[in-house]
Protein chains: 2
Amino acid sequence: MTEPDMPTPPWERARRRPARVRVPLTRERIVDAAFVVLDQEGLDGLSMRRVASELGVAVSALYAHVDNKGELLELMYHRLFDGFELPEPDPELWQEQLKDFARESRARLQRHRDMARISMGQVPFTPELLRHVERLLALLRTAGVPDRVAAIAGDMLSTYIDGFVAEEGVWQERYQGEDTKSWSEIREDMKEYFGALPPDRFPNMLAVANLMVDETNDYRFDLGLDIILRGLASYVKEPPDAS
Amino acid sequence: MTEPDMPTPPWERARRRPARVRVPLTRERIVDAAFVVLDQEGLDGLSMRRVASELGVAVSALYAHVDNKGELLELMYHRLFDGFELPEPDPELWQEQLKDFARESRARLQRHRDMARISMGQVPFTPELLRHVERLLALLRTAGVPDRVAAIAGDMLSTYIDGFVAEEGVWQERYQGEDTKSWSEIREDMKEYFGALPPDRFPNMLAVANLMVDETNDYRFDLGLDIILRGLASYVKEPPDAS
DNA sequence: GAACGAGTAAGAACGCTGTTCAGTAAAGCA
DNA sequence: TGCTTTACTGAACAGCGTTCTTACTCGTTC
């Protein structure tokens, strides 16, 4: 194609690399494409074939860079923690620090459709992610949370966050099939459903139905978080007191 | 076909019912078969075809009784609550009652492989299951938990229970691929893995590693439960005091 | 400069999946 | 006894994750 003897002219030289349209496939590019597919089709529509087509590439090409779909999901899960640094533990501020951690986690999960569902299926015990777990444990332990409590508190927080965001996603998904209803419309539907319950058999449901529906998700998330934090705090002994 | 007046002769009586080898397919029988498959193959191996073959029936026959696989999973989820009655709320005993509820839930989830994973994907807002939610809410509200807290506490408890049992299942599954290792062997492996971490970079992990591994799952489950219960209790005002 | 070897991508294939649909056999009713 | 309704079958469709053989391109070495 090119004359081997001739020097490449400057305009070519500038063009050379971009000329080969075929940008080499990398894990990074595959994960990028996977996120595009995830946002468009959701987790159930995230297939290797769809990711490949997003890259303009054959399916089998992916398997040179990724062992299987499970590993691809794991790589996506790792993205969740990119640049996610937990602060230096401050015993005075541990509750606020934990709240910030939880809110940041939720925000990151919300950045991609069904991301919470992916997260729920993963265990952060890979070498890269252990650092993160370590920092979370540091936060809890320097706060004075007993070791045996701290050992499961991290799990509990993550489970709560994943579960909450996943549930948010379910409601959103369930109602955007046809009309892409807004949250306020969903709320109206829910209120109608709960309001129609026979009052004699469901007095407690009716009593809290409005609260379940009216409050913003942000508020409900923080409230659930507070329940856990108060529970944790109940195990923290005052520093100067008895051991 | 049968003479309504005449008594059925004994030879007929013996042959009649068993003669039609084909026991009619029902939702119940399909769900039964689905549980057999679930226990043998796990959730990932639970396919409509496999369920059909368990019944000695064509796949398409299932679809006369069940809309789709999702509905089958929903029916299996409903089984979880068969005969699961919550006690009459007693304000004095609410913490114990809640613990009993949680332990019973966990035990039921553990009765079938991957049942927790199925449960996580379901919302108990179907007419049959609302009764259960109502009872749970009754427990919380008569205990003095404020409405806005009770409104999310039920969700939180369920999420915790599902998440815990699902995680138990993951460890079990991960290690029974080859040798069907026992829990004690799994523990040994984990201890070795955590023990090999560089102590300067993972001091907190190392400090709690033994606790994460040594304690029984029952203990860890109850401890997590206590965290939530203490959190909830912190919202309960004393009865005689200020409103 | 030519030959080679490693690594990348393509294409077809395998065995599975959930679901649908036209056809058939059996059961219930007149 | 014949007819209608129901219950089931078998084949098919489109899609899935994964593997394997083949083609090709690149950087390196002789």
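Computed over heavy atoms, backbone and side chain alike; hydrogens, waters and symmetry mates excluded. Numbered from 1 within each chain, the chains take letters A, B, ... in sequence-line order.
As rounded to whole Å, 17 Å separates atom C1' of dA13(C) from atom CE of Met48(A). For Leu46(A) and dG17(D), the CG to C1' distance is 12 Å, given to the nearest whole Å. Between the C1' atom of dT19(C) and the CG atom of Asp67(B) lies a distance of 12 Å, rounded to the nearest Å. To the nearest angstrom, C1' of dT17(C) lies 14 Å from CD of Glu41(B). As rounded to whole Å, 14 Å separates atom C1' of dC16(D) from atom CG of Leu43(A). Going from atom CD of Glu71(B) over to atom P of dG18(C) covers 15 Å, rounded to whole Å.
Contacts between residues 49-62 of chain A and DNA chain C, counted as heavy-atom distances below 4.0 Å, involve Arg49(A), Val57(A), Ala58(A), Ser60(A), Ala61(A).
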Would you please test Leu38(A) and Ile118(A) for side-chain contact (heavy atoms from CB on, under 4.5 Å) and show each step? CA-CA 10 Å; Leu38(A) 184 68; Ile118(A) 294 180; 3.9 Å; yes

Walk me through it: do Gln40(B) and Glu54(B) pass the test side chain to side chain donor-acceptor pair (under 3.5 Å)? CA-CA 11 Å; Gln40(B) 279 176 17; Glu54(B) 191 67 28; 4.9 Å; no

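Scored by the ring-ring contact (aromatic ring centres under 6.0 Å, His included) test, Phe221(B) finds Tyr160(B), Phe164(B) as partners (sequence neighbours excluded).
No salt bridge links Arg113(A) with Asp44(A); every basic N to acidic carboxylate O contact stays at or beyond 4.0 Å. Salt bridge status for Arg103(A) with Asp100(A): present, with a side-chain N to carboxylate O gap under 4.0 Å.
Within the structure, salt bridge (charged side-chain N to carboxylate O under 4.0 Å, His left out) pairs that include any residue of residues 120-134 of chain B comprise Glu85(B)-Arg131(B) (at least two apart or interchain).
For Tyr63(A), taking side-chain heavy atoms from C-beta onward, the closest of the listed nucleotides dA9(C), dC16(D), dT19(D) is dT19(D). Which of dG18(C), dC8(D), dT18(D) sits closest to the side chain of His65(B) comes down to dC8(D).
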